Structures are given as C-alpha cells and as structure tokens.
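Keep in mind the model is a prediction, meaning the values are calculated, not measured. In what follows, every chain begins at residue 1, and chains take the letters A, B, ... in the order their sequences are listed.
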Protein chains: 2
Amino acid sequence: MKNSTYHIFFTNLASSLRIQIISSLKERPKNVSEIVKDLNAEQSKVSHALMSLRHCNIVDVKQKGKERIYSLNKKTILPILKIIDKHAKTFCEGNCEGCGK
Amino acid sequence: MKNSTYHIFFTNLASSLRIQIISSLKERPKNVSEIVKDLNAEQSKVSHALMSLRHCNIVDVKQKGKERIYSLNKKTILPILKIIDKHAKTFCEGNCEGCGK
DNA sequence: TTTTCATATGAAGGTAATTTCATATTACTA
DNA sequence: TAGTAATATGAAATTACCTTCATATGAAAA
C-alpha cells in the first residue's frame, strides 16, 4: 500500500512548485523557458517537476524544434481544484489552521 | 507559497494510511478502535492521521461517551477520488510507472 | 562540424513529513 | 475514587521528498 495511484497522484499535487506550474499552464500550453520565466524558478527544478507531472499524465508534452511544449490535462485537474476551492470556502473562512488561512 | 490550501490539502491526501482511513470511513462513521482494527495499524499512528485529516475538514468527529466517532466529508472527497479513478482508467491501463500500475 | 540554445538527468545534500514510543488525558465503571 | 478503556499528544528517530549543482543530450544555427 505504498505506491498506489492515489498516493502518487496526490504526492504530485502536494508541491507548491508543481501547483504553480499547473496554474501557469491553465492559461495555455508553454515551453519550459516560459514556465521558468513565469515562476522565476530554476530550470532543472522545473524540469524535474514537469517530469513528475508527466508521469502522472497531469501534463502532456510535445516536441517543437528544440523546445518542448507542455500542456495541462485540464479535464482531470480543473474539477479537482474547483472542488477544493469550494471546500476551502465552506470550511476555512476566517482562519483555519489546516488550510493555510 | 508554502502553506497554501492546495499544499495542505494534497499533502494530507498523499498518505497511504490516510487514504486507507478515508476508504474505511466511506462505509460508515467509525470510532478510532474500529479504524485501528480495520487497518491493523497502530493506535497513535491512526490518531495522528485523524488529527491531520480533521485539520483539513476531510473528516469530522463527535464524542460519544469515551469514544470518538469519525465521519468522512463525502461531499468533498468522493468526487475527487472518482475523478482520479477515471483518470487512472484513461491513462494508466496496462502498466504506468507514474500511477503505481 | 563546432557552437549555442533548450531541456533533461543523476546524485548528494537538505528539508519536511511520518512513524514510533512513552506518556497524558478524559470519561466511564467497579 | 481508584481503576480501566479509549483516545490524544510530544518529541526523537526514521523515511520520503525536494532542491541543487554539475553535467549530459539533442536540435538547430553559424
């Protein structure tokens, strides 16, 4: 019961950097350099994060010349984030130690 | 960007033990001893896990004598798990290194 | 056909999360 | 009210994860 689908999937989402990448890709598909600029993060860090997201099919990638264009699997991710937003709105108004507010 | 709602929420779900607890509570509300028996896990471990889930309002608790009855916030959790199940079915048939299959 | 740009990779080190263990608390019961 | 059952708590130890840094790869341009 270590590497279940849920565990890998949620571990993947339990990273601020990866969530930031997801946010950035909501807008449109982007290459690595664009994401790096967006987040003002290190290139290798972003690459590692993208690799991880890719393993879970949270993002998809295609080559275009020497660039790689990453795109978000919106169908899976957006509804989940929406549910959590609603959850937070319902339970974490004011200050909620468990929800970062 | 460390303790965002998403980070705390997903970190909470990124634990096999806590996912097992959630699974167990899908059936019906249970006290700690029942959960401990269900999962064949240590009591203090389960208590810590429940505390963590409670902070995120993933579970709720009420006292009943000397027992504490934990119940699942199904409205938030079930749809999320469902989406991931579907995601896994779509992307991880056969063997998928990223999804534990 | 070397240089450069874009991105990936591996491994060591650092940080954060989980487990464990010993003990505390709280509410019933004899 | 001493005892016990049920659960919680704190802190040290362990494990898992993330970051960093140095380097590799691969595609295009010069």
Side-chain angles (χ1 to χ4, degrees), chain A residues 1-22 24-25 29-56 58-71 97-100, chain B residues 1-22 24-25 29-56 58-71 97-100:
Chain A
M1 255 293 178
K2 186 74 249 304
N3 282 3
S4 72
T5 302
Y6 292 146
H7 180 260
I8 294 175
F9 196 96
F10 287 128
T11 301
N12 228 298
L13 296 177
S15 142
S16 322
L17 178 66
R18 288 190 295 258
I19 285 288
Q20 282 179 275
I21 290 175
I22 287 170
S24 171
L25 291 178
K30 292 178 183 173
N31 66 35
V32 178
S33 303
E34 284 183 282
I35 298 168
V36 165
K37 220 179 288 171
D38 269 17
L39 309 194
N40 191 32
E42 271 199 88
Q43 178 266 315
S44 76
K45 207 171 147 185
V46 170
S47 266
H48 280 301
L50 284 167
M51 163 78 27
S52 185
L53 289 167
R54 210 153 85 66
H55 274 151
C56 269
I58 294 170
V59 301
D60 191 26
V61 63
K62 53 186 167 185
Q63 193 94 18
K64 186 192 168 190
K66 53 187 170 187
E67 299 169 20
R68 289 196 190 182
I69 313 291
Y70 283 86
S71 59
E97 47 176 339
C99 290
Chain B
M1 255 294 176
K2 188 73 251 303
N3 282 3
S4 73
T5 303
Y6 292 146
H7 180 261
I8 294 176
F9 196 95
F10 287 128
T11 301
N12 227 298
L13 295 177
S15 142
S16 321
L17 179 67
R18 289 190 294 260
I19 285 289
Q20 281 179 277
I21 290 175
I22 287 171
S24 171
L25 291 179
K30 293 178 182 172
N31 65 34
V32 178
S33 302
E34 284 182 283
I35 298 168
V36 164
K37 221 180 288 173
D38 270 15
L39 310 194
N40 192 32
E42 271 198 271
Q43 178 267 316
S44 76
K45 208 171 148 185
V46 170
S47 267
H48 281 301
L50 284 167
M51 163 78 25
S52 184
L53 289 167
R54 211 153 84 66
H55 275 151
C56 268
I58 294 170
V59 302
D60 191 25
V61 64
K62 54 186 166 182
Q63 192 95 18
K64 186 192 168 191
K66 54 187 168 187
E67 299 170 20
R68 290 194 190 184
I69 314 291
Y70 284 86
S71 60
E97 48 177 336
C99 291

Base, sugar-phosphate or nothing for Arg18(A)? Non-hydrogen atoms, less than 4.0 Å. sugar-phosphate
A side-chain contact here means heavy atoms from C-beta on lying under 4.5 Å apart; do Asp60(A) and Tyr70(A) qualify? no
Tell me which residues in residues 59-69 of chain A put a heavy atom below 4.0 Å from DNA chain C, sorted by number, or none. Lys66(A), Glu67(A), Arg68(A)
Between NZ of Lys37(B) and P of dA5(D) the distance, given in whole Å, is 14 Å
Contacts to DNA chain D from residues 42-50 of chain B, heavy-atom cutoff under 4.0 Å, which residues? Gln43(B), Ser44(B), Ser47(B), His48(B)
Please identify each residue that fulfils side chain to side chain contact (heavy atoms under 4.5 Å, CB included) with Ser44(A), with sequence neighbours left out. none
Please collect all salt bridge (charged side-chain N to carboxylate O under 4.0 Å, His left out) contacts where either partner lies in residues 31-50 of chain B, sequence neighbours excluded, each pair once. Arg28(B)-Glu34(B), Lys30(B)-Asp38(B)
Expressed as a whole number of angstroms, how long is the span from Tyr70(B):OH to dA6(D):P? 15 Å
Roughly, in whole Å, what's the span from CE in Met51(A) to P in dG10(C)? 9 Å
Test your reading of the model: is there a side-chain donor-acceptor pair from Ser24(A) to the backbone of Gln20(A), 3.5 Å cut-off? no
Side chains of Ile69(B) and Val32(B): does their closest heavy-atom pair fall under 4.5 Å? no
Between atom CG in Leu13(B) and atom C1' in dT18(C), what is the gap in whole Å? 16 Å
Return a table of donor-acceptor pairs under 3.5 angstrom between the side chains of residues 47-54 of chain A and protein atoms on other chains or two or more places apart.
unit_1: Ser47(A); atom_1: OG; unit_2: Gln43(A); atom_2: NE2; d: 3.3
unit_1: Ser52(A); atom_1: OG; unit_2: Asn12(A); atom_2: OD1; d: 3.3
unit_1: Ser52(A); atom_1: OG; unit_2: Asn12(A); atom_2: ND2; d: 3.3

Value in whole Å for how far the C1' atom of dC17(D) lies from CG of Leu17(A): 13 Å
